[in-house]
Structure formats: structure tokens, C-alpha cells
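Heads up, the thing below is written out as C-alpha cells.
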Amino acid sequence: MTNSHGLLLRLLDGGKLPSLTSLAPLHALLTTSSLIHHPILLGKLLLAACDRSLPYAERLFLSSPRPPDAFMYNTLMRAFSESHSPERSFLYFNHLLRQGPTFPVDSFSLAFAAKAAANLRCLWSGFQVHCQAVTRGLYAHLFVGTTLVSMYGECREVGLAWKVFDEMPIRNAVSWNAIINGCFRCGHIELALGLFRDMPSKDSTSYNVLLAGYMKEGDLEQAKVVFHEMPSKDDVSWSTMITGFTQNGCFGEALGFFRDMLLAGARLTEESLTGILSACADVGNFELGRVLHGLLEKRGLTRITSVNNALLDTYSKCGDMGMAQLVFKRMYEMRNLVSWSTMIAGLSMQGHCEEAIKHFEEMQKSGIYPDGITFISVLYACSHSGFVKDGNRYFSEMMDKHGIEPAIEHYGCMVDLYSRAGELNKAYDFISRMPIPPTSVIWRTLLGACSFHGDVKLAEKVKERLSEIDPENSGDHVLLSNTYAVAEKWKDVAAVRRSMVDQKIKKIPGWSMIEVDKTMYHFVAGENLNEIAEEAYEKLSEITSRLRIEAGYVPEVDKTVLHDIEEEEKEDSVMRHSEKLAVAFGIARLHRGSNVRVVKNLRICRDCHTFMKMVSRVYAMEVVVRDRSRFHTFRQGSCSCRDYW
DNA sequence: GTAGGGTTAG
């Protein structure tokens with residue numbers, strides 16, 4: 001090999017080329033010097049291009065100065081199998097097969113094609129690869145076999161995974177890990193545990209597979225035991241724990257493990273960061289989210305799509321759409337379907353429904369097609385802004401244009417769409433015609449609307465359905481009782497309350513949370529007094545007086561409160577709502593100029609909504625309340641939901 | 001000159 005070859009190979013092999021900008025001159029140099037015809041240099045150039053820009057790599061492949069060899073096919077297939085469009089691997093796999101029987105289809109091609117099928121979760125493509133492996137006599141190849149086991153596991157075909165594994169003449173720890181993981185994914189826990197016990201040699205991945213298996217099962221205790229007892233922990237062990245706790249809704253434990261990870265000197269990876277950010281999004285922990293944002297900027301993790309997406313979601317679930325927009329803007333061409341869907345969901349929850357739909361249209365123009373999850377947000381946007389016609393159109397388009405089978409959540413959105421618009425009978429008909437059995441959530445949505453509109457007759461009918469499916473749910477009794485209250489049928493209200501007492505069904509207590517100086521304060525209506533609650537009550541009464549004078553505030557007596565107590569007491573009951581206490585506490589303790597952010601477990605009530613609007617005007621501050629269903633941003637006397645919620 | 005298994009976002 002000549003000197004210039006050696007130099008160029010070293011350049012290409014270095015892997016230190018920071019970007020495409022330094023690859024293009026190299027490409028130009030190879031072309032002008034005709035060295036581009038050298039198969040190894042060309043192959044290396046393609047490999048380097050795959051790591052930087054897949055479109056560039058694909059153009060290079062298609063305009064290749066010499067017919068692509070097996071190496072080039074394999075390189076491109078590998079890159080696509082791990083990309084956002086693994087199906088393109090098959091485009092080139094099929095090219096490869098059409099080259100004729102003498103053209104080499106080797107173990108690499110088969111492994112990459114199997115990997116693409118695994119990532120697509122496409123069993124039929126997987127079968128094709130499996131057949132090719134048999135035809136080409138590479139069925140017994142260790143790497144091909146292992147990838148096939150893993151592919152069948154991903155496709156939830158544990159029987160086939162086992163068949164391949166069982167017939168492998170040689171196995172190693174990697175193949176054992178693949179079959180154990182497949183068993184866990186398919187819910188064969190005992191089998192997985194037995195295999196783990198019996199496997200001849202375990203490496204750290206084996207333990208990580210076990211950790212993830214326990215986490216998926218929700219067996220957090222066993223996961224912790226394994227974690228503490230495993231011989232050595234790596235980055236994946238830590239991120240498995242963090243995301244495991246997050247996915248099981250245990251924010252505190254996730255945060256604890258995240259801290260321990262940093263203290264133990266383990267590397268901060270995109271996976272652990274994504275996991276902990278997602279935990280912040282779940283609980284609405286804005287301050288920690290901001291700290292993590294700072295951390296990821298400092299560590300240069302801003303170029304990773306999943307991290308940015310988790311950050312987007314954190315800002316949007318903490319009510320800071322401004323920051324979410326900023327992050328989204330910076331993402332440019334990194335944006336994928338999840339980024340767009342997160343923005344659409346965030347905007348919908350904030351009540352910026354037109355904006356959400358604009359994003360939806362823009363996403364499609366940029367060549368990204370929606371999936372079922374995107375449509376949940378789009379339908380949500382329509383229902384929360386009263387766009388019944390648009391909602392109907394998108395629902396049809398989802399099925400006809402995009403071929404997406406509606407899931408229960410989509411039916412839920414449609415019921416919500418009709419219900420909010422007051423078309424209760426339409427909603428009932430829609431439920432009756434659903435091709436899948438309606439769940440309690442579906443009926444509850446309609447019952448909520450009945451209560452809002454005081455439709456007693458329909459409410460009784462719906463409650464009957466609910467009693468069949470989910471008789472213990474306290475919320476349903478409350479909703480029925482509220483319906484009677486709105487219709488002023490006090491005897492029926494009392495009867496429902498009595499039956500709740502008889503059946504020992506308790507109301508879910510409402511709570512609200514607010515963060516002040518890095519501490520989360522928790523308020524529950526009517527809970528025993530402590531110092532914090534006293535401080536909140538004191539401030540609340542001061543705020544209420546000011547609102548009465550400056551804004552003409554009169555507590556709107558909640559019709560849902562029992563009718564037989566005195567008017568004054570009813571007022572008192574409304575004045576104890578946890579979100580008011582949290583906001584009052586925030587005003588008392590937060591620095592001037594900061595906004596108040598509250599997270600509540602139930603839906604905000606009408607009186608609290610009016611109260612917050614007035615606070616935002618009289619105190620000239622922004623108040624953000626994230627309730628069970630959406631965000632309310634109160635600014636200068638009005639709310640982002642435009643009173644439609 | 002390329003590989004296989006484990007953790008990540010809506």
C-alpha cells in the first residue's frame with residue numbers, strides 16, 4: 001500500500017473526525033485523486049459517513065464510482081438497522097439478494113438484516129432473514145443465531161426464539177443473555193430465572209438483563225437485591241435502576257439512585273439522564289429539571305435526540321412552554337416523531353390548541369408521519385378547544401389515511417370531544433357503537449360530562465354501566481352525586497352519600513404540591529393543622545380579603561358540597577381547597593417576581609379557577625396549575641384554557 | 001476494512 005493510502009486510511013479509521021464538514025474534503029480528495037476506486041478506502045469512507053450523516057452515506061452508496069461490494073452493503077445495512085428507519089435496511093438487503101447467487105450474502109448481512117427486523121418488531125421480515133440464513137447455510141453461525149434469538153424475543157415469539165437457541169451448536173454468554181431477555185420480555189419469568197441460574201458463565205450484561213426483568217415485572221425489591229449483590233455494576237446497571245423506578249412511578253427512589261450513581265463516579269449517560277428527566281416530567285419537578293438541563297449543557301449532551309426529547313417533556317409538563325419551544329427550536333434536524341409529539345402534547349395541555357394542530361401539520365410537511373400516540377394529542381387538542389368537526393376529521397384520517405387502528409385512548413378522546421361540547425347523546429351512541437368493549441375510563445368521561453351539564457337521566461344510565469365494571473370507584477359515586485346536586489335533587493345526593501358510607505367508599509382526598517426553595521410542600525384539604533398549613537391559611541385569608549375588595553370576589557359555593565350545611569360553612573369548605581392553600585403559601589414564601597407553580601392530583605374546581613384568575617391580576621403574577629388533566633396558566637386575569645376544561 | 005446480548009424520550 002502506498003503512503004497516501006496509509007495516511008488516508010489512518011484519517012478515516014481515526015474516528016475522530018468531528019463532523020461531516022471534515023469528511024467532505026476527504027471525499028473530494030479521494031475523488032480528484034482517483035483513490036475513490038480503491039475498495040477499502042471507499043468502504044472506510046462509507047463507514048465514516050454512516051456515523052455522521054446517513055443521507056450523505058446513502059448518496060455516496062448510490063453514486064458509488066464502483067459497484068458496491070458486500071462490505072458496502074453491510075455497512076449501509078448496519079447503519080439503517082439502528083436508525084429511525086430500519087426498513088431501509090431491507091431495501092438494500094433485497095438489492096443484495098438480487099445481485100445473484102454468486103454475490104456473497106454473509107453472516108454480517110444476515111445479522112444486520114435480523115437486527116433491522118428486531119428493531120422494526122416485524123416478524124415477517126424476521127422470517128425472511130431466518131429463511132435466507134437456512135438457505136445460505138449460515139443458520140448455525142454464532143452471531144446470526146444470537147441475533148435471530150434476539151429478533152424473535154423482540155417480536156414476542158419466545159417459542160421461535162427458543163427453537164433457534166436450542167438448535168445452536170455453539171453458544172456463549174451473549175446468546176444466553178439473548179434468550180433470557182426474550183423470556184423476560186414475553187412474560188416467562190420462571191423460565192428466565194431458571195435459565196439465568198443454569199447458564200454456564202454470567203457477565204455483567206446477564207445481571208443487567210435480570211435487573212431489567214425484575215423492573216418490568218414491577219418487583220422493585222428483588223431488583224434492588226440483585227443490584228446490591230451483583231459482582232460489578234456498569235453504566236447500564238445504573239440506568240436500568242433509574243428508569244425502572246421512574247417507570248414504576250417511584251420518583252424518590254429514582255432520584256436516590258441517580259445521586260448514588262454520581263457519587264459512585266459512574267458515567268452520566270444519555271440513558272440515565274433521559275430516565276431521570278422523565279421522572280421530573282412525571283412529578284413536575286421544575287427546579288431539578290433546570291439543574292439537569294444545566295448539567296447536560298455542561299457535559300455536551302445537547303446533541304442527543306432522546307435527551308432533548310425528555311427535556312422538552314420536562315419543561316412542557318412543568319408548564320414552561322417558552323423553554324420547551326426554545327429547546328425544540330434548537331433541535332433543528334434532530335427532531336424525530338417523539339420530539340414533535342411531545343410538543344403537540346405540551347401545547348395541547350397548555351390550551352394552545354391551534355398551535356398544537358399547526359405543529360401537527362408542519363410535522364407532516366417535514367416528512368415525519370404521525371403514529372397512534374401523536375393522534376392522542378391531536379384529538380386531545382380538538383376536544384379541549386371544542387373543535388368537534390376537526391376532531392372527527394382527524395379521527396377518520398387516522399384510520400383511512402394513516403392506517404392506524406384506533407386504540408381505547410382514541411375512543412376516549414372522541415367521547416371527551418362530544419362530551420365537552422355538550423353532545424352527550426352523541427357520546428353515548430359513539431360508545432355503544434365502539435368495536436372494542438368500553439372501559440371504565442370511557443364511561444367515566446361521559447359521567448363527568450353528565451355531572452357538568454346536570455343530565456340526571458343519562459348519568460344514571462352511565463353509572464349503571466360503571467357499577468358493572470368498576471363498582472368500588474369512589475369518584476363515580478361523587479360524580480353521580482354531583483349530577484344530582486347540579487340538578488338540585490338533594491334527596492338523591494343524600495342517598496348516594498349514604499350508600500357510600502354504607503359501602504365504606506371513601507372520597508380520594510385532593511392534594512396540591514408547590515416547590516419553595518427546593519422543598520416540595522404538600523397540602524391536603526381539611527388535614528390537621530401544622531405550622532406550614534397555618535401559615536398558608538393565614539395568607540389565604542389575607543389574599544381573599546384583598547380579592548373581595550379589589551376584584552369583587554365572592555366564593556362560588558360549590559354545588560357538590562353537601563346541601564345540609566350552612567351557606568357560610570359551604571364557603572368555608574371551598575376556601576380550604578388544597579390548590580388555594582398551595583398558592584397562598586407560594587405567595588407568602590416565594591420571592592417577588594417569581595411565578596407560582598402548583599401540581600394537583602384532581603381536577604381544579606370552578607371556584608378555584610376564578611380565584612386564580614383574580615390572583616394573577618391583583619398580584620400581577622403568573623400562576624400555573626397542573627391538574628389531573630391539563631395546565632392552567634393564569635395571567636392578567638385570564639386562563640390559558642379559556643374557561644373550557 | 002463490518003458484527004451478536006442489556007439501559008433511554010412522546
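Chain letters run A, B, ... following the sequence lines, proteins first, then strands; residues in each count from 1. Small disclaimer: the values here were computed from a predicted structure and weren't measured.
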**Message:** Please report the distance, rounded to the nearest Å, between CE in A:Met363 and P in B:dG10.
**Reply:** 16 Å
**Message:** Strictly below 4.0 Å: does A:Gln247 bring a side-chain N or O up to OP1 or OP2 of B:dT8?
**Reply:** yes
**Prompt:** Within the structure shown, what part of the strands sits under 4.0 Å from A:Leu142 by heavy-atom distance: base, sugar-phosphate, or nothing?
**Reply:** base
**Request:** I would like to know whether A:Lys358 and A:Glu362 meet salt bridge (Lys or Arg N to Asp or Glu O under 4.0 Å); could you show each step before the answer?
**Result:** CA-CA 6 Å; A:Lys358 226 168 83 190; A:Glu362 216 178 295; over 6 Å; no
**Message:** Can you confirm if the NZ or CZ of A:Lys202 lies within 45° of the ring axis of A:Phe196 and under 6.0 Å from the centre of its six-membered ring?
**Reply:** yes
**Fill in**
Rounded to whole Å, the CG-P distance (A:Asn208 to B:dG4) equals 17 Å
**Item:** Touch class at under 4.0 angstrom, heavy-atom based, for A:Asp313 against every strand present
**Value:** sugar-phosphate
**Request:** Using atom CZ of A:Phe108 as one end and atom C1' of B:dG1 as the other, report the distance to the nearest whole Å.
**Result:** 10 Å
**Message:** Is it the case that the side chains of A:Ser629 and A:Tyr380 hold a donor-acceptor pair, with the cut-off being a distance below 3.5 Å and no angle test?
**Reply:** yes
**Asked** Atom CE of A:Met349 to atom P of B:dG10: distance rounded to whole Å?
**Response** 11 Å
**Request:** For the side chain of A:Lys216, starting at C-beta, report the closest nucleotide among B:dT7, B:dA9, B:dG6.
**Result:** B:dT7
**Close approaches to DNA chain B from residues 334-342 of chain A, in residue order (heavy atom, under 4.0 Å)** = A:Asn336, A:Leu337, A:Val338, A:Ser341, A:Thr342
**Prompt:** Would you say A:Arg78 reaches B:dA3's phosphate, i.e. side-chain N/O to OP1/OP2 under 4.0 Å?
**Reply:** yes
**Prompt:** Taking CE from A:Met77 and P from B:dG1, how many angstroms apart are they, rounded to a whole number?
**Reply:** 21 Å
**Asked** Which salt bridge (charged side-chain N to carboxylate O under 4.0 Å, His left out) pairs, counting each pair once, include a residue from residues 242-262 of chain A, with sequence neighbours left out?
**Response** A:Lys224-A:Glu253
**Fill in**
Among B:dG6, B:dG4, B:dA3, the one nearest any side-chain atom of A:Val174 is B:dG4
**Request:** Scan side-chain atoms only and decide if A:Asn308 and A:Thr305 contain a donor-acceptor pair under the 3.5 Å cut-off.
**Result:** no
**Message:** Checking contacts here: which listed nucleotide (B:dG4, B:dG6, B:dA9) is nearest the side-chain heavy atoms of A:Asn172?
**Reply:** B:dG4
**Message:** Show every salt bridge (charged side-chain N to carboxylate O under 4.0 Å, His left out) that has at least one partner inside residues 113-123 of chain A, sequence neighbours left out.
**Reply:** A:Arg121-A:Glu154
**Request:** Identify whether any heavy atom of A:Thr274 sits under 4.0 Å from a base atom; if not, whether one sits that close to sugar-phosphate; answer base, sugar-phosphate or nothing.
**Result:** base
**Request:** Consider only side-chain N and O atoms of A:Tyr315 and A:Gln325, and report whether a donor and an acceptor are under 3.5 Å apart.
**Result:** no
**Request:** Return the nearest nucleotide to the side chain of A:Asn74; candidates are B:dT2, B:dG6, B:dG4.
**Result:** B:dT2
**Prompt:** Quick one: which of B:dA3, B:dG10, B:dG6 gets closest to the side chain of A:Val236?
**Reply:** B:dG6
**Prompt:** To the side chain of A:Asn181, which of B:dA3, B:dA9, B:dG6 is closest?
**Reply:** B:dG6
**Nearest-angstrom distance from the residue atom NE2 of A:His84 to P of B:dG10** = 15 Å
**Message:** With no hydrogens and no angle check, just 3.5 Å: does a side-chain donor-acceptor pair link A:Asn208 and A:Ser237?
**Reply:** yes
**Message:** Is the ring pair A:Phe165/A:Trp162 parallel, tilted or perpendicular, if the boundaries are 30 and 60 degrees?
**Reply:** tilted
**Request:** Assign A:Gly275 to base, sugar-phosphate, or nothing according to its heavy-atom contacts below 4.0 angstrom with the strands shown.
**Result:** nothing
**Request:** Ignoring hydrogens and angles, answer whether the base of B:dT8 and the side-chain atoms of A:Ser306 contain a donor-acceptor pair closer than 3.5 Å.
**Result:** yes
**Asked** In terms of side-chain heavy atoms of A:Phe143, which of B:dG4, B:dG6, B:dT2 is nearest?
**Response** B:dG4
**Item:** Rounded interatomic separation in angstrom, taking CG from A:Leu76 and C1' from B:dT2
**Value:** 12 Å
**Message:** Just to be sure I understand the rule, does A:Ser272 reach a base, reach only the sugar-phosphate, or reach nothing, if contact means heavy atoms closer than 4.0 Å?
**Reply:** nothing
**Prompt:** So what does A:Tyr207 touch, heavy atoms closer than 4.0 Å: a base, only the sugar-phosphate, or nothing?
**Reply:** nothing
**Item:** Closest listed nucleotide, where the reference is the side chain of A:Ser278 and the choices are B:dT8, B:dA9, B:dG1
**Value:** B:dA9
**Message:** Between the base of B:dG10 and the side chain of A:Thr374, is there a donor and acceptor pair under 3.5 angstrom?
**Reply:** yes
**Complete:** To the nearest angstrom, the CG-P distance between A:Asp203 and B:dG4 comes to 15 Å
**Request:** Could you please name the option among B:dG4, B:dA3, B:dG6 that lies closest to any side-chain atom of A:Thr147?
**Result:** B:dG4
**Message:** Please classify the nucleic acid contact of A:Asn308 as base, sugar-phosphate, or nothing, using heavy-atom distances under 4.0 Å.
**Reply:** nothing
**Message:** For a quick check of understanding: with a heavy-atom distance under 4.0 Å over all strands, which category does A:Arg171 fall into, base, sugar-phosphate or nothing?
**Reply:** nothing
